[in-house]
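Data first, discussion second: the structure below is written as structure tokens.
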Amino acid sequence: DMYAKCGSIEEARKVFHNLPNQNVVSWGAMIAGYALHGHGVPALELFQKMQEKGTKPDIVTFLSALKACGSIGAIEQG
């Protein structure tokens, strides 16, 4: 979360992928980081992957995905 908020998306991605267990908080932090910095497509791809891996999104993650949709004009996906 810290790396993403500071704009170090690549560092955040490395930390995320090296986590032994990813939960809704870690998925949400990464999705929010992408969305915060205008990387809507990777945010939505990660949102989809999170669900495919069996993690159910919470309200915070849904809001981050919605922000990602807005950043790329994906009204249908939102």
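The first residue in the sequence is number 1, and the count goes up from there.
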Residues passing the side chain to side chain contact (heavy atoms under 4.5 Å, CB included) test with Lys53, sequence neighbours excluded, are Trp27, Lys49
Do Phe62 and Leu46 sit in one hydrophobic cluster, given that two such residues count as connected whenever their side-chain heavy atoms are within less than 4.5 Å of each other, even indirectly? yes
Exercise: identify the closest heavy-atom pair between Gly40 and Ile72: CA-CG2, 3.8 Å
Quick one: list whatever passes side chain to side chain contact (heavy atoms under 4.5 Å, CB included) with Leu19, sequence neighbours left out. Phe16, Gln22, Ser26
Taken in chain and number order and not counting sequence neighbours, the residues that satisfy side chain to side chain donor-acceptor pair (under 3.5 Å) with Glu45 are none
By side chain to side chain contact (heavy atoms under 4.5 Å, CB included) - contacts of Asn21 (at least two apart): none
Enter the distance from Met30:CE to Phe47:CZ here, rounded to the nearest 0.5 Å. 15.5 Å
Where do Leu44 and Cys69 come nearest, in terms of heavy atoms and distance? CD2-SG, 3.8 Å
If I take atom NE2 from residue His39 and atom CD1 from residue Ile9, how far apart are they, to the nearest 0.5 angstrom? 5.0 Å
Contact between Leu36 and Lys67 at the side-chain level, heavy atoms closer than 4.5 Å - yes or no? yes
Who passes side chain to side chain donor-acceptor pair (under 3.5 Å) against Thr61, sequence neighbours left out? Asp58
Taking all heavy atoms of Ser64 and all of Gly28, pick out the closest pair and write down the distance. OG-O, 4.4 Å
Set of residues satisfying salt bridge (charged side-chain N to carboxylate O under 4.0 Å, His left out) with respect to Lys14, sequence neighbours excluded: Glu11
Here the gap from Gln48 atom CD to Glu52 atom CD, rounded to the nearest 0.5 Å, amounts to 4.5 Å
